[in-house]
2 protein chains.
Amino acid sequence: MTNRSCVIRLSRYKNALLRLRTLNFVRVFSENLADAAGVTATQVRKDFSIFGITGNRRGGYKVDELIEQLNKILGKDKIQKFILVGMGNLGKALVQYAGFERSGIKIVAGFDIDANKWDKEGPVPICPLEELSEVIRRHEIEFGIITVPDFAAQQVLELMIPAGIRGVLNFAPICVKGPEGCVVNNINLVTELENIIYFVNASEKTQESQQ
Amino acid sequence: MTNRSCVIRLSRYKNALLRLRTLNFVRVFSENLADAAGVTATQVRKDFSIFGITGNRRGGYKVDELIEQLNKILGKDKIQKFILVGMGNLGKALVQYAGFERSGIKIVAGFDIDANKWDKEGPVPICPLEELSEVIRRHEIEFGIITVPDFAAQQVLELMIPAGIRGVLNFAPICVKGPEGCVVNNINLVTELENIIYFVNASEKTQESQQ
């Protein structure tokens, strides 16, 4: 019944609501959320109805209640702990990304094989890769982020899984594969840029052929 | 006929081929590319047939020819130039990301409003935001990356478009909207992590209800 796109939209509604709350909004309408998430109001109502969230045609939704309901659906009613492996530039940027903490996501520790990167005194401790299993088990962490070079990514995934990781976001430019029951999403930055290049070129060609 | 998923798969095949070439592969089969991209061999052949790429049942595809054909389709037969606005941690990481240069993508310049970040002597010059239009026009750049805070993202997009940018990858945690004919993709890092949390929790619930 739910798919990746639907869950991504729920996240977007929730993030828009958090912003609206800072503007002192008490009520919000499906049209407002539609604008913020770049979808139609019908889509918003459809997504909500899947999860039994109902508004009031005249009064809309109550912002506070809606945030609470969405957080519960998204598993965000408690702090969600992540570990990250690969303290290159991207790994460092993600460990320092303020948006995570604001959204109830905490990177508990970073890991690297390079001793120059280790630092247990910082706000997020950076540890030797050998300590990965122990830290995952001690903090009962279920989620991981991979920002290592492509050749190391599958190996890192295979260290994470037996220690208890069940969901991974992989930025290494290679599709890593987890066992059944493990959620692995891949973001390839090159692919994302190539996608934009392709569609810009495609629209240029269409325009030329119309002239 | 082509959609975002198909183009993403073409990028993946191409990236796998580049790796296979470094291993001295001369020929490759749809089954090899299927494994590397995490799809079926039928899917690979279907994607290729859309673009008139044909192999040979016995001999497979020639790696060099296939890379050339895919690069052409993806608009990668020449260096593709980008600018990036927002030199925070993520912006810095992207400007330094070695994977782009290897894939024929060049970030020509970075921009920020903060004078402390300006640096015209580095490998990628970091310039004041005021120079954005001039640099885009001088280098005839069509592609941009946004890594500014959410409240500034739409404004940055609206500076980019009149100067000539036609495709944008936005990392600010807000959906920015471009005019018609402009390609804008949004990557929200929080949403990506929330997606993983949701699907791990959903699979836990399914397992519990089966017990």
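In this text, all values refer to a predicted model and were calculated from it rather than measured experimentally. Below, chains carry the letters A, B, ... as their sequence lines are ordered, and counting in each starts from 1.
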Any chance the side chains of E192(B) and N188(B) put a donor and an acceptor closer than 3.5 Å?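 The criterion, which ignores hydrogens and geometry beyond distance, is not satisfied for N188(B) and E192(B).
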State, without any angle test, whether E65(B) and Q69(B) hold a side-chain donor-acceptor pair at a distance under 3.5 Å. no
Per-residue contact mode, [X] against chain A (heavy atom under 4.5 angstrom):
X: A37(B); result: backbone
X: R19(B); result: side chain
X: F151(B); result: neither

Centroid-to-centroid, F48(B) to Y61(B), below 6.0 Å? yes
Working to the nearest 0.5 angstrom, can you tell me the gap between F111(B) CZ and I136(B) CD1? 6.5 Å
Do you know which of [options] has the most heavy-atom pairs under 4.5 Å to chain A?
options: G75(B), G99(B), G88(B); answer: G75(B)
options: I145(B), N89(B), I197(B), V200(B); answer: I197(B)
options: L189(B), V184(B), N195(B); answer: N195(B)
options: I174(B), I187(B), L90(B); answer: I187(B)

By a 4.5 Å heavy-atom criterion (distance strictly below it), what part of [X] contacts chain B: side chain, backbone, both, or neither?
X: L94(A); result: side chain
X: A36(A); result: backbone
X: I105(A); result: side chain
X: L10(A); result: neither
X: N186(A); result: both
X: K92(A); result: neither

Find the one option among V190(A), I73(A), V168(A), V183(A) whose heavy-atom pairs under 4.5 Å with chain B are most numerous.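 Of the options given, most contacts go to V190(A).
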Answer yes when [X] and [Y] have at least one side-chain N-carboxylate O distance shorter than 4.0 Å, and no when they do not.
X: E142(A); Y: K81(A); value: no
X: E68(A); Y: K14(A); value: no
X: E194(A); Y: R12(B); value: no

Restricting to non-hydrogen atoms, name the atom on N201(B) and the atom on Q80(A) that form the minimum distance, rounded to 0.1 Å.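 Residues N201(B) and Q80(A), closest heavy atoms: ND2-NE2, 4.3 Å.
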Crowded around I113(A) CD1? As in, over 12 foreign heavy atoms under 6.0 Å?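 Result for CD1/I113(A): open.
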